[in-house]
There are 2 protein chains.
Amino acid sequence: MRDEATKAVTAIGQVLQEQIDHGLLAAGSKLPAERKLSELFGTTRITVREALLQLEAQGQIYREERRGWFVSPPRLAYNLMQRSHFHAMVSAQGREPSTEVISARLQPASAAVCAWLQLPALSSVIQICRSRRIDGRLVLYVEHYLNPQFFPGILEFDLNQSITELYARHFDLHYGRVRFEIVPTSLSVDAAAALRVSVGSPGLRIARVNYDQHGRLIDCDLEFWRHDAIHVGVDVV
Amino acid sequence: MRDEATKAVTAIGQVLQEQIDHGLLAAGSKLPAERKLSELFGTTRITVREALLQLEAQGQIYREERRGWFVSPPRLAYNLMQRSHFHAMVSAQGREPSTEVISARLQPASAAVCAWLQLPALSSVIQICRSRRIDGRLVLYVEHYLNPQFFPGILEFDLNQSITELYARHFDLHYGRVRFEIVPTSLSVDAAAALRVSVGSPGLRIARVNYDQHGRLIDCDLEFWRHDAIHVGVDVV
DNA sequence: AAACAGTGCTGGTCTAGTCCAGATAGGTAA
DNA sequence: TTACCTATCTGGACTAGACCAGCACTGTTT
């Protein structure tokens with residue numbers, strides 16, 4: 001057991017890794033079933049599963065609940081300094097974005113949201129939950145919380161489009177200062193359900209607090225990314 | 001199985017979570033052994049282990065190889081905009097930093113490092129590997145790569161101290177522009193060994209490329225953080 | 001006091017299955 | 001054609017054990 005390669009888990013991982021690296025398993029393609037793999041490697045499903053979980057942690061593969069394991073596509077470059085929205089960012093990298101609205105309503109704000117938006121207790125906020133895809137793959141679940149005083153009637157608009165553009169076109173609001181908070185953690189129950197992954201999958205939580213061109217705190221977002229879907233870039237001058 | 005709480009794994013997780021939240025299991029304290037827990041919850045070790053792995057993914061607990069499971073201390077706030085070094089940052093948050101040098105030598109640069117430092121093929125670079133602790137807990141493994149032309153004789157100094165301060169005091173070099181690249185992934189083999197965690201543990205990789213006050217590219221760092229040890233803050237103006 | 005050898009405890013790794021629930025595709029009936 | 005049903009395939013969850021390697025403590029020897 002001294003040699004790493006003699007451990008079944010690492011050995012399986014290395015073989016799969018190699019196949020991926022050499023393009024024999026292309027991005028997005030499906031791996032054989034766990035039972036097939038355990039047969040192929042002459043071991044149990046639990047051992048195979050452990051190897052798969054390690055590759056998942058690395059970001060090489062991902063799973064879709066009860067559908068199978070797939071090879072992860074390249075990560076999206078998320079540059080915090082370029083204040084670009086999802087749709088523009090994804091398109092600029094030659095990939096295809098899409099958005100689905102899950103829910104949108106006025107509701108009482110949670111304590112955490114009150115704190116972020118600096119609102120008094122029991123305030124109402126507009127909550128918009130959306131899931132977003134890159135090339136058809138669910139990668140991001142976002143909860144937006146808007147201070148309702150700045151956005152009268154926004155719930156009447158089509159929220160599948162970019163909210164940033166909606167702000168600009170109909171409310172003459174543009175993002176000014178932004179504060180990001182990045183936490184590596186697992187996906188929340190809601191996020192896991194929306195992204196159709198098993199609860200407890202690793203994820204990246206990015207909270208944004210947004211100010212407008214006049215320095216007023218207008219909204220905040222809570223983004224849950226699949227951990228293998230992005231890499232974050234920041235240029236500090 | 002509709003109700004989440006009827007799943008043994010989630011149930012175990014919730015019980016432990018609650019104990020942690022209410023301070024019955026204090027930060028840094030050790031959980032009972034896996035076998036004890038499986039007895040306590042009337043289930044197998046594998047099931048308990050799965051629950052523990054989920055809490056680990058969430059960042060609530062962590063393990064030390066063959067020593068046991070422990071409750072994670074609060075995360076360190078890592079603000080990319082305040083160009084502060086590890087020692088100052090940790091101290092400012094009322095916690096105790098320490099550093100150990102693992103290796104320091106002049107060596108041929110890997111292809112990746114040549115690219116980062118914009119050096120020609122087969123260049124030599126100074127590599128400094130260090131591990132860092134907060135309140136005694138290993139949280140960070142860093143590989144520094146210095147362009148040797150800017151740092152004659154740096155290997156003679158005590159590298160347990162802050163390298164940033166060394167740059168300033170002895171080489172009159174100060175950080176100017178910095179580029180960060182943040183990738184959620186698992187720890188590299190070296191990093192896992194240095195942090196004494198099992199390979200495949202989730203981690204956060206932060207690569208920094210640093211320019212000096214004259215805009216010259218002087219060095220880069222490859223940081224591997226325990227994923228539950230930090231949250232990253234960025235203010236964009 | 002210092003070095004050493006046990007010894008029990010811990011997580012790490014692995015076997016060999018079982019049963020369940022959601023996803024899928026093929027076929028059948030309206 | 002369309003709607004539905006059903007058999008099969010997938011991963012998800014779980015049981016009940018096994019052996020190994022490294023850690024920490026204890027008691028003995030030098």
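Only heavy atoms go into these numbers, but all of them, side chains included; no hydrogens, no water, no symmetry mates. Every chain is numbered from 1, with letters handed out A, B, ... down the list of sequences.
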Within the structure, does a side-chain N or O atom of [X] lie under 4.0 Å from either OP1 or OP2 of [N]?
{"X": "Thr44(B)", "N": "dC14(D)", "result": "no"}
{"X": "Thr43(B)", "N": "dT15(D)", "result": "yes"}
{"X": "Thr47(A)", "N": "dC14(C)", "result": "no"}
{"X": "Arg63(B)", "N": "dT10(C)", "result": "no"}
{"X": "Arg66(A)", "N": "dC20(C)", "result": "no"}

Starting at atom [atom1] of [X], determine the distance to atom [atom2] of [N], rounded to an integer number of angstrom.
{"X": "Glu50(A)", "N": "dG12(C)", "atom1": "CD", "atom2": "P", "result": "10 Å"}
{"X": "Lys7(A)", "N": "dA21(D)", "atom1": "NZ", "atom2": "P", "result": "12 Å"}
{"X": "Lys36(B)", "N": "dC9(C)", "atom1": "NZ", "atom2": "P", "result": "8 Å"}
{"X": "Tyr62(B)", "N": "dG11(C)", "atom1": "OH", "atom2": "C1'", "result": "15 Å"}

Please tabulate, for the side chains in residues 194-206 of chain B, all donor-acceptor contacts under 3.5 angstrom to protein atoms that are two or more places apart in sequence or on a different chain.
from, atom 1, to, atom 2, distance (Å)
Ser198(B), OG, Arg63(B), NH1, 3.4
Ser201(B), OG, Ser198(B), O, 2.7

Got a donor-acceptor pair under 3.5 Å from the side chain of Arg35(A) to the base of dG11(D)? yes
Between Pro32(B) and Ile46(B), the residue closer to the 5' end of DNA chain C by nearest nucleotide is Pro32(B)
Mapping Gly42(A) and Glu65(A) onto DNA chain C by nearest heavy atom, which one lands closer to the 5' end? Gly42(A)
Tell me whether Arg137(A) forms a cation-pi arrangement with Tyr62(A), defined as NZ or CZ under 6.0 Å from the six-membered ring centre and within 45 degrees of its axis. yes
Using a cut-off of 4.0 Å on non-hydrogen atoms, how would the nucleic acid contact of Arg49(B) be classed: base, sugar-phosphate, or nothing? base
With a non-hydrogen cut-off below 4.0 angstrom, is Arg45(A) in contact with a base, only sugar-phosphate, or nothing? base
Please pick, from [options], the nucleotide with the shortest atom-to-atom distance to any side-chain atom of [X].
{"X": "Lys30(A)", "options": "dT15(D), dT10(D), dT10(C)", "result": "dT10(D)"}
{"X": "Trp69(B)", "options": "dT24(C), dG11(C), dG12(D)", "result": "dG11(C)"}
{"X": "Ser198(A)", "options": "dG12(D), dT10(C), dT10(D)", "result": "dG12(D)"}
{"X": "Glu34(B)", "options": "dG11(C), dC14(C), dC14(D)", "result": "dG11(C)"}

Applying ring pair (Phe, Tyr, Trp, His ring centres under 6.0 Å), which residue pairs with at least one partner in residues 29-53 of chain B are found, sequence neighbours left out? none
Does atom CD of Glu39(A) have more than 12 heavy-atom neighbours from other groups under 6.0 Å away? no
Nearest 0.5 angstrom please: Ile134(B) CD1 to Phe86(B) CZ, how far? 4.5 Å
